[in-house]
Amino acid sequence: MQDNLVIVESPAKAKTIEKFLGKDFHVTSSMGHIRDLEKKDAGIDLENNYVPKYVVSPDKKKIVTELKKLAKDAKQVWIASDEDREGEAIAWHLQEVLKLKPEKTKRIVFHEITKDAILKAVKNPRPIDINLVNAQQARRVLDRLVGFEVSPVLWKKVKPSLSAGRVQSVAVRLIVEREREIINFESTSAFRVTAVFLVPDDKGNTVELKAELNKRFETKAEAQKFLEKCQTAEFSIADIQTRPSKRTPAAPFTTSTLQQEASRKLGFSVSQTMSVAQRLYESGKITYMRTDSVNLSDLAINTSKSTIINTHGEKYHKYRQYTTKSKGAQEAHEAIRPTYMDQEEVSGTAQEKRLYELIWKRTIASQMADAELERTTVSIKVSNTSEVFQATGEVIKFDGFLRVYLESTDNEDEGSDAKSLLPPVKTNQVLRANFIEATERFSQKPPRYTEASLVKKLEEQGIGRPSTYAPTITTIQNRGYVVKEDRPGVEREYIQLTLKNGKLSDKTKVETTGAEKSKLFPTDIGMVVNDFLMKYFDQIMDYSFTANVEVEFDEIADGKRVWNEVIDEFYKPFHQHIENALEVSERTNGERVLGDDPKTGLPVSVKIGRYGPLAQLGEATEEGEKPQFASLRPGQILETITLEEALELFKLPREIGEYEGKKVKVNIGRFGPYIQHDSKFVSLEKNVDDPYSVELPRAIELIEAKREKDRNALIKTFEEEPELRILNGRWGPYISYKKKNYKIAKGTEAEKLSLEDCMKIIEAGPAPKKGRKK
DNA sequence: CAGTGAGCGAGCTTCCGCTTGACTT
C-alpha cells in the first residue's frame, strides 16, 4: 500500500496522473460530486438559515466506502479536484465525508495534465478555500429552491410532471420567442439585379464576369424600367480597386465550440459529440472534453510548432496564446486538444476518427499563420443611369492556416456566392453583356435554433456549464417543451425579368422556402408553460438572471458576502411570488376560441388536452350532448391554427365503403394517414394519397399490396407450431411467437433454422421489450 | 402502433453540475 492517496474527479485522469507521480502515489477518483441535497423537503432547512441537508448519492455509496478505506490506510491524502467552484466543493465534501484530518490532508490544483504541472502542484499545496465552497453551496441551494418550488406550481396550474429551472426555462424561452418572431415576420421582397458580361481572357478565350447592381428595386416596374434602359446602354469598367485582407484562425475548441463545429461539419447532435469525445478522452487521445478554456499547455504549443514546421515549413507557424472571454468561464482545464499533436489520425470508429480529425485540425490551425488575401472590386458603369454594377473577386496570396482548417458558420445560404478570381480587365474597357436578370428576392425569417446554436446562445449569456449543455437540451425535449424536427418547406412564386439579346422577358418561377432540418420547435405545452412563467416569475426568466446571481456568487467567493444572507435576500421575495402564483393564477391550458362552424353553428376551440393539443367542436351540455374532439396534426400549433384548418380535422375518420364485407375507414394516426380494414392497418403512401379524398378502389389496391408484402415477409413456418413464424422485418429476419418478437443472432441463416433452434432462441429470452426510461 | 378527452383521488413528478457506466433504439 502506497503512503500517498491522490483523489481526482475522473478515472481517466487518475490513470494518467499515476504515471507521472511514481509508485509512492496511488491515484483514484471520486467520479464527480459524491453528495447532494436530499430529495425530500427540498433538502434545505428553511427555518434555520438555509442549512443544506446533504446525503451521499446512491450511485456513489460504493465509491465512498472504497475511498474511506483507502484514506484510512494512507499517510497523506491529496485532494486534486478541479480548481473551480464545483471542484472546491467536491474537495470539501470529500474532507467531510471521509472525515479527513487536516494534518494529513492537502489540497492541490493544476490546469493541465502534464508532468511539470502535476509535480509543481504537489510542491504547492494549499488549504481548502471555504469561501469558494460557500459560493458553490449558494449556487446549489438557489437552483434547488427555484426548481423545487416553481415546478410544483406548474403541476397544479398546468400539468403534472412538468419542470422549471434557472437554466432550462430560459433555454425554452429563447426557442419560444424565436418562434414568435418567425410567426410575426412579414417578408418583403425586392428585385436584385445581376449581370453576366463577356470578356476575353489572356489567351483570347471568352470568359464570364459576374456582377451585381449596387441597388435593389422595390417594385417590378422599377426593375423593368432599369432593364429597358440597359437595352440601349453601354457598359464599361469605371474603376478597379484591390486591397489586401487577412483571416485569422479560430481559437482551440471548448465544449461549446466543439459542439457547434461537430454539428455544422459532421452533423452530430450535441449529445452525440459528447459521447464520442468521451471515448476519445477515455482512450487517452484527447484532453478533457468538458471545458470552457481555450488555453493550450506549453507542451501542446511546442509540439504543434514542430508538427507545423515539419509538414508546412517555418512561415506557416505563428505562436498564439488564446485567452477566454466567455461569461462565467471558470477555466479549470485546458482547451480540447489531441493529447499527442504529432498524431494526425487515430484508430477507432468512423465517428471517433472524424471528431478526432476535427480537433486535430482546429488545434494545429490555431498555431498557424494568418491567411493573406487580396480582394478586388470592379465597378461597371452603365452609360445612361447612375447605378453601377460591381464584381468582387478574392485571391488567396498565402493560405496560412486555411491549408488545414476553416471554421464554418451557421448561415447556410452564404455558400452560393463563393468568391473567386476575376478575369483580367482594364479601366474604361467596354463590356458586352451576355444577359441581365432582375430577380425578386424575399427577406429572410430569423433562423430557428439548432441544438448547437442554442448552446452557443446559452454560453454567450453565461447560462449553463460545459457539463450541462447536452443534458439541458435533452431535458427540454424530454419534458415535451421542445421538439427537434425536419419540416418541409412551402412553394413560393417569384418574378424574374431577363434581358438577353436585346429582348426583355418576364417569367414567374417557383422556389421552395422555409424547409428545416433538425431544428428546435417549441411545442404547445412549451409555449403555455413559458407564458405562465413569464407572467408570474419574470425574475427567473430574465436573460440576465444567471449573470446577476453569478456576481453575487463571486462576492461570496471573495469573502465579501455571507452565502446564507445572499440566499435569504433572494428567497424571501421569490417565495412571495410562489404564494402569489398559487393564489391568483387560473389553471391554464392554452385555450383559444376560433369561431363557429358555419355548417352547424357550433363553437370551435383548441386547447391542450390530456393526450396533447386538440380541437373541439361544440360543447358538453346538460342535455347530454357531447363535443367532438380531434388531435392537431404535427406542425400545427394552438397559437396559429385557423378556424378552417381546425374544421378540416373533423372530416376524419371517413368511411369510404366496404371490401370483403368489412368496412374500410380512413384516418390519421400517430404515424400518419392509414386505412383500417378488418382490424388491420395499412399506411397511405406518403406524398401520393390524400386521406381526405382517397377512394375505395385505391384503398383496396393498398390493402392487397400490404397482403402481398406480408406474404413475402414470411420466411418459414412449422406445421407443428402454427403460432411460430420466421419473418423478414426492417432489421432483418426475426422470430414471431405468441405475439412476441425474438431477435435472431447476426450471421444466422434464418431459412435453415429448425423448430428446435427457434425454441432455443425463444427460451433464451424475448426481445427486450420497449421500456420507459425512469 | 394506429381509438381516447368522465370524475375521483392516492402517490408521484421537479432543479443544476460534477462524473461514469448501464441501459435501449
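Convention: sequence-line order gives letters A, B, ...; per-chain numbering from 1. Note that the structure is a prediction, hence the values are computed from the model and not measured.
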Rounding to a whole Å, what distance do you find between [X]:[atom1] and [N]:[atom2]?
X	N	atom1	atom2	result
A:L94	B:dT19	CG	C1'	12 Å
A:F650	B:dG5	CZ	C1'	12 Å
A:R610	B:dC8	CZ	C1'	12 Å
A:K62	B:dT20	NZ	C1'	13 Å
A:E282	B:dA22	CD	P	11 Å
A:K15	B:dT19	NZ	P	17 Å
A:Q676	B:dG3	CD	P	9 Å
A:I7	B:dT19	CD1	P	16 Å

* Asked: Is the ring of A:F681 stacked on the base of B:dA2, with centres less than 5.5 Å apart and planes under 30° off?
  -> yes
* When all nucleic acid strands are considered with a 4.0 Å heavy-atom cut-off, which category describes A:Q616: base, sugar-phosphate, or nothing? -> nothing
* To do: Determine the contact category for A:G43: base if any of its heavy atoms lies under 4.0 Å from a base atom, sugar-phosphate if only primed atoms, P, OP1 or OP2 are that close, otherwise nothing.
  => nothing
* Just by modelled atom types, is the A:T468 backbone N or O under 3.5 Å from a matching donor or acceptor in the A:T472 side chain? -> yes
* Asked: For nucleotides 13-18 of chain B, read 5' to 3', which letter fits each nucleotide if B means a protein heavy atom sits under 4.0 Å from the base, S means only the sugar-phosphate is that close, and - means neither?
  -> BBBBBB
Between [X] and [Y], how do the two ring planes meet: parallel, tilted or perpendicular, split at 30° and 60°?
X	Y	answer
A:Y54	A:W92	perpendicular
A:F532	A:Y536	tilted
A:F545	A:F570	tilted
A:F574	A:F537	tilted

* Looking at the rings of A:Y659 and A:H677, which for Trp means the six-membered one, are their centres under 6.0 Å apart? -> yes
* Is it true that the side chains of A:E149 and A:Y571 contain a donor and an acceptor less than 3.5 Å apart? -> yes
* Would you mind telling me which residue lines up with the more 5' stretch of DNA chain B, A:N667 or A:D59, judged by nearest nucleotide? => A:N667
